[in-house]
Novice: 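Got a structure for you, questions after.
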There are 2 protein chains.
Amino acid sequence: MAALSGAVYARLRDEIVAGAVAPGAKLMPQRLALRYAASAAAIREALIRLAAEGFIESLPQRGFRAARTGPDVIWEIAHFRILIETEGARLSIARGGMEWEANLTAAHHRLAHLESRMRGESLDAGQLRLWSASDRAFHEALIGACGSARLLAQHRLAFDQFKQHVIALDPTLGFRGAELLQEHADILQAALARDAEGCAAALRRHFDTYRRVTPGGAG
Amino acid sequence: MAALSGAVYARLRDEIVAGAVAPGAKLMPQRLALRYAASAAAIREALIRLAAEGFIESLPQRGFRAARTGPDVIWEIAHFRILIETEGARLSIARGGMEWEANLTAAHHRLAHLESRMRGESLDAGQLRLWSASDRAFHEALIGACGSARLLAQHRLAFDQFKQHVIALDPTLGFRGAELLQEHADILQAALARDAEGCAAALRRHFDTYRRVTPGGAG
DNA sequence: ATTCTTTCGAATTTCGAAATTCTCGCCTAT
DNA sequence: ATAGGCGAGAATTTCGAAATTCGAAAGAAT
């Protein structure tokens with residue numbers, strides 16, 4: 001979709017994931033048509049795709065709204081992300097070679113450098129944006145050798161939607177400085193040690209902040 | 001989407017999942033507009049949604065085609081389905097109550113009855129359609145108490161896409177009669193015994209027919 | 001005072017046609 | 001003979017307006 005409709009999709013998606021659209025806010029094709037220099041029909045196509053992917057919700061004959069959020073929604077997405085990411089890591093640990101290790105190490109190096117630098121300072125938006133991109137790169141590198149395009153695509157959606165909902169409740173993205181540094185190091189170490197279960201455990205700990213009561217056990 | 005575009009979406013989806021559209025076949029809005037008594041724009045909206053969900057593929061400026069298939073695609077989807085379904089079953093086993101058990105038992109009863117009756121007979125399309133619906137109902141009942149709308153939605157997509165690809169290579173849906181009867185019984189038994197690991201193992205066996213080499217171990 | 005109906009402005013959805021882009025056969029030059 | 005460019009036809013994409021539907025306010029009836 002390099003077409004106009006695709007460009008609108010990309011811009012809208014970025015704004016939503018960046019927290020620029022309030023949860024539950026109406027997204028009206030005619031209004032957006034002005035901001036994006038496109039017809040209402042083109043906007044609609046973008047909205048339909050965003051709705052199918054879960055970023056917004058579509059009410060028949062009633063238009064589109066940004067997804068509503070809440071702690072339970074965040075935890076549901078976190079749970080799904082853990083599922084996808086532990087499986088992707090498990091597969092990568094089993095299949096990945098030197099290239100995977102190198103990419104993962106590089107991504108972690110960049111991420112750790114940022115997190116280390118951000119420990120003390122005040123957090124401006126630019127830094128957070130950079131950190132979020134590095135965080136994404138690291139987690140994608142972790143599952144990069146899983147061999148399943150479907151898993152990678154699902155992870156990308158889950159990652160962005162997780163960010164979308166977290167940022168809506170907390171603009172600082174729940175940045176936890178030193179803790180994050182340690183958690184990411186744990187994930188990296190387990191992955192390089194080819195310890196799939198340890199890596200899964202480290203990933204679950206990584207999401208503990210968002211955990212809610214779940215009778216399911218390990219989660 | 002009770003709108004026209006939504007109706008077209010539903011009909012197209014049914015036809016694709018039922019195997020009525022050859023893999024890789026072009027889906028041209030103008031042509032489809034005649035068959036569905038709708039404008040090309042409305043068809044396009046349906047196609048965009050189908051593409052976002054993975055039933056068809058969208059090539060920018062080059063239209064839409066039914067997803068291409070192959071054994072590796074089938075196994076990738078099977079692998080994803082196993083992931084979703086074992087997790088959904090695990091959660092349901094932990095959270096589900098009497099209602100869940102009752103629904104699951106009922107769904108299995110209907111399915112087993114059909115499979116038992118279909119063991120000897122020749123398979124006509126009507127029977128297969130009925131069996132497929134019962135199969136879906138059983139697998140959905142299995143994860144019905146997982147408590148995650150996202151997991152249920154993903155399972156529905158994965159289930160239908162699995163069927164779409166299997167039916168494309170084998171119109172009999174790989175119906176395996178007596179084996180299926182046993183496999184579904186194993187799944188039910190483990191679920192009712194609240195044995196999450198046993199249930200996961202039974203599910204993995206259920207998909208063994210489609211297995212390909214995967215270095216990942218349990219898979 | 002409450003509930004039900006009616007009406008009207010606004011938003012969603014759909015359409016048919018225009019504008020853009022792609023595809024493929026044909027022609028030309030090397 | 002073959003590679004590369006040209007152009008006609010077809011398909012995709014976009015648009016602006018028409019048709020449908022919704023939501024709320026005003027009015028009537030109990």
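The shown structure was predicted, so the numbers you read here are calculated from the model rather than taken from an experiment. Naming: A, B, ... by sequence-line order, numbering from 1 per chain.
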Novice: Roughly, in whole Å, what's the span from CD1 in B/I48 to P in C/dT13?
Specialist: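 Whole-Å distance recorded here is 14 Å.
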Novice: Do B/E53 and B/Y9 meet the criterion of a side-chain donor-acceptor pair at a distance under 3.5 Å?
Specialist: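 On atom types as modelled, these side chains qualify, holding a pair under 3.5 Å.
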Novice: If you compare every side-chain N and O of B/R31 against the phosphate oxygens of D/dA11 (OP1, OP2), does one of them come in below 4.0 Å?
Specialist: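 For B/R31, the contact criterion (side-chain N or O under 4.0 Å from OP1 or OP2 of D/dA11) is met.
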Novice: Measure the distance from CG on A/L59 to C1' on C/dT13 and round it to the nearest whole Å.
Specialist: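 Those two atoms, CG and C1', are 14 Å apart.
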Novice: Can a donor-acceptor pair be found between the side chains of A/R150 and B/Q161 at a distance below 3.5 Å?
Specialist: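 Result is yes, a qualifying pair exists.
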Novice: Taking CD from A/E45 and C1' from C/dT12, how many angstroms apart are they, rounded to a whole number?
Specialist: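 That distance rounds to 15 Å.
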Novice: Taking the six-membered ring for Trp and the single ring otherwise, decide whether the centroids of A/F162 and A/F80 are under 6.0 Å apart.
Specialist: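 Ring-ring flag for A/F162/A/F80: false, centres at least 6.0 Å apart.
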Novice: Specify the separation, in whole Å, of atom CE of A/M28 and atom C1' of D/dG23.
Specialist: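 Value for this atom pair: 13 Å.
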Novice: Starting at atom CZ of B/R44, determine the distance to atom P of C/dT20, rounded to an integer number of angstrom.
Specialist: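 To the nearest whole Å, that distance equals 16 Å.
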Novice: Take the protein atom CD of A/Q61 and the nucleotide atom P of D/dC22, then report the distance between them rounded to whole Å.
Specialist: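 The distance from CD of A/Q61 to P of D/dC22 comes to 5 Å, rounded to the nearest Å.
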Novice: Can you say whether the rings of A/H113 and A/H109 are parallel (under 30°), tilted (30 to 60°) or perpendicular (over 60°)?
Specialist: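 Rings of A/H113 and A/H109: parallel, under 30°.
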Novice: Reading DNA chain D from 5' onward, which residue's closest nucleotide shows up sooner: A/Q30 or B/K26?
Specialist: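 On the 5' side of the pair lies B/K26.
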Novice: Applying side chain to side chain contact (heavy atoms under 4.5 Å, CB included), run through B/L142 and B/S92 and close with a yes or a no.
Specialist: CA-CA 7 Å; B/L142 178 64; B/S92 291; over 6 Å; no
Novice: Using whole Å, report how far CZ of B/R65 lies from P of C/dC22.
Specialist: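 In whole Å, C/dC22 P lies 15 Å from B/R65 CZ.
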Novice: How many whole angstroms separate atom CG of B/L27 from atom P of D/dA11?
Specialist: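 So the two atoms are 14 Å apart, to the nearest Å.
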Novice: Using a cut-off of strictly less than 4.0 Å between a heavy atom of the residue and any atom of DNA chain D, enumerate the qualifying residues of residues 32-43 of chain B by number.
Specialist: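 None, since no heavy atom is under 4.0 Å.
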Novice: Has A/R62 got a side-chain N or O lying under 4.0 Å from the OP1 or OP2 atom of D/dG23?
Specialist: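 The answer is yes; a side-chain N or O of A/R62 sits under 4.0 Å from OP1 or OP2.
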Novice: Taking atom CZ of B/R176 as the centre, report whether more than 12 heavy atoms of other residues, nucleotides or ligands fall under 6.0 Å from it.
Specialist: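 Enclosed.
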Novice: With respect to the side chain of A/L4, which nucleotide from D/dT14, D/dA11, C/dT14 is positioned closest?
Specialist: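 Out of D/dT14, D/dA11, C/dT14, the nucleotide with an atom closest to A/L4's side chain is D/dT14.
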Novice: Is the closest side-chain donor-acceptor distance between B/E85 and B/H139 under 3.5 Å?
Specialist: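 B/E85 vs B/H139: donor-acceptor pair found between side chains.
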